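Accompanying notes for the structure given below.
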Amino acid sequence: MFQIQTRLSILDAEVGPGLSSYLLQQPLGLTPVLCKSWEELFDSDAKLALVGADYWGNEQAAKAATSGIAVLQLDEAHLTPYQPADLLIKAVYRMALEQQISLPGVLTALHEKEVVAVCSPHGYDLQTGFAVIYSLLRADTVRTLYLDFTYYNGFFDAVSEDVGDLFYEMHKHRGTMHEILHAMVQKFGPLDYLPPVRMQMDLDDLTGEDFTGLLQRILQESEYELIVLNLPVRPAFLRAVYGCCSRMYSLQREGSLYERAQARLLEDLRSESGQTELSGLQVVPMPAISGNFSMDPSMYEALLFGEMASFIRQMLKGSA
């Protein structure tokens, strides 16, 4: 499947401005560039273009194809200016899928649910604490599922089932994802979660397609409105997740070594995903934070009102 950059050229006077405004307000990782002519479209550096019927020309479309630009024609068979913006963008995503074009945020756009990923380029020791507390805070308002794919670090108690078992059950094709998750998830306050595998080699054979397939089924077949993924820095995982998540947080400590590690992560992600603009990724500079973190029930209040929780609340408030 063809992976495009996050820039999207729009050449249409009717739906263009409204669709552009809508995309700028949505965490889909798709940045619109309004164009007034084919010349502006060619100069936009975007690899995907939406062109209205009033501007369509077979000659220009052929030139775009030879230039490596995928073009979708906007006509009344697919889009009309009388549809709400969310239906317009859904139609765009469906048209892209028909042409085997992978757009950032496709899963969340079509299913109206949110996928958030947390990673760190240098093994930030409180990454799991950040991911869990973020999930707990969000779980107060939306039905949230937390899945941990990092190395086992003692944050969780020993339990019988983990994320490795989730993939195993999914591949057996037994029951819906709702039924599978209902039988497997652990609970911590309002949060449903599955801990990491105890041996990371259990995930070594997973591919990016495994991840997108898992997310597709969770979004389609479960009641969760938000899925939070705690990820190791593995290019195949990051490539797959970035292409479909609403937001990816990359945690960074202060220091030149950590800055270089962050730069390398961004470089690898751009290379692996084929995207030069990473609008869906937010680098989070982490302050010095103390405290004990675990999923022990006695720690519930401490997690919600400690330094990490205060930091995340401020971060969420600033991005609202």
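Just so it is clear, the structure is predicted and the values come from calculations on it, not from any experiment.
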Legend entry - salt bridge (Lys or Arg N to Asp or Glu O under 4.0 Å) partners of residues 130-143, not counting sequence neighbours, each pair once: E114-R138, R143-D192, R143-E223

Inset, instruction - Any chance you could measure L34, atom CG, to S21, atom OG, to the nearest 0.5 Å? - result: 7.5 Å

Inset, instruction - Could you tell me whether the side chain of S222 and the main chain of I218 form a donor-acceptor pair under 3.5 Å? - result: yes

Legend entry - Min side-chain heavy-atom separation M286-Y258 under 4.5 Å: no

Legend entry - Sub-6.0 Å ring centroid separation between F188 and Y146: no

Inset, instruction - Given ring pair (Phe, Tyr, Trp, His ring centres under 6.0 Å), test Y249 with Y134 step by step and report yes or no. - result: CA-CA 11 Å; Y249 294 112; Y134 174 91; 5.5 Å; yes

Inset, instruction - Could you tell me whether the side chain of E221 and the main chain of E179 form a donor-acceptor pair under 3.5 Å? - result: no

Legend entry - Check: H122 and Q252 side chains under 4.5 Å, non-hydrogen atoms: yes

Inset, instruction - Could you tell me the separation between the CD atom of E259 and the OG atom of S256, rounded to the nearest 0.5 Å? - result: 6.5 Å

Legend entry - Residue pair F311 / P287: nearest heavy atoms and the distance that separates them: CE1-CD, 3.5 Å

Inset, instruction - Is it possible for you to say whether V185 and Y168 belong to one hydrophobic cluster, with membership spreading through side-chain heavy-atom contacts below 4.5 Å? - result: no

Inset, instruction - Would you check if M177 and L219 make a side-chain contact, meaning some heavy-atom pair closer than 4.5 Å? - result: no

Inset, instruction - For residues A139 and T144, report the shortest heavy-atom separation together with the two atoms involved. - result: CA-OG1, 3.5 Å

Inset, instruction - Answer yes or no: are there more than 12 heavy-atom neighbours, outside Y300 itself, under 6.0 Å from its atom OH? - result: yes

Inset, instruction - Using a 4.5 Å cut-off on heavy atoms from C-beta on, say whether the side chain of V132 contacts that of V228. - result: no

Inset, instruction - Would you please say whether a donor-acceptor pair under 3.5 Å links the side chains of Y55 and D12? - result: no

Legend entry - Check: F149 ring centre within less than 6.0 Å of F211 ring centre: yes

Legend entry - D162 side chain near P195 side chain, heavy-atom distance below 4.5 Å: yes

Legend entry - side-chain contact (heavy atoms from CB on, under 4.5 Å) assessment of F156 paired with D148: CA-CA 10 Å; F156 303 90; D148 197 310; 3.5 Å; yes

Legend entry - Minimum heavy-atom distance between A64 and V71, given as atom pair plus value: CB-CG2, 3.5 Å

Legend entry - Within-4.5 Å side-chain heavy-atom neighbours: I69 and L41: yes

Inset, instruction - Hey, could you give me each pair passing side chain to side chain donor-acceptor pair (under 3.5 Å) that has a residue in residues 302-313? Not counting sequence neighbours. - result: S290-E307

Legend entry - Closest heavy-atom pair and its distance - S294, M299: OG-CG, 3.4 Å

Inset, instruction - To the nearest 0.5 Å, tell me how far I289 CD1 sits from I312 CD1. - result: 7.5 Å

Legend entry - Considering all heavy atoms, the nearest A261-P121 contact: O-CB, 3.4 Å

Inset, instruction - Working to the nearest 0.5 Å, report the span between OG of S37 and CG of D43. - result: 8.0 Å

Legend entry - Shortest non-hydrogen separation from M184 to Q186 and the atoms involved: O-NE2, 3.3 Å

Inset, instruction - Determine, using the 4.5 Å side-chain heavy-atom cutoff (strictly less than), whether V33 and W38 are members of one ILVMFWY cluster. - result: no

Legend entry - Close side-chain approach of L19 to P32, heavy-atom, < 4.5 Å: no

Legend entry - Close side-chain approach of V197 to F167, heavy-atom, < 4.5 Å: no

Legend entry - Nearest-0.5 Å distance, CE of residue M248 to SG of residue C119: 5.5 Å

Inset, instruction - Could you tell me the separation between the CG atom of L126 and the CZ atom of R253, rounded to the nearest 0.5 Å? - result: 8.0 Å

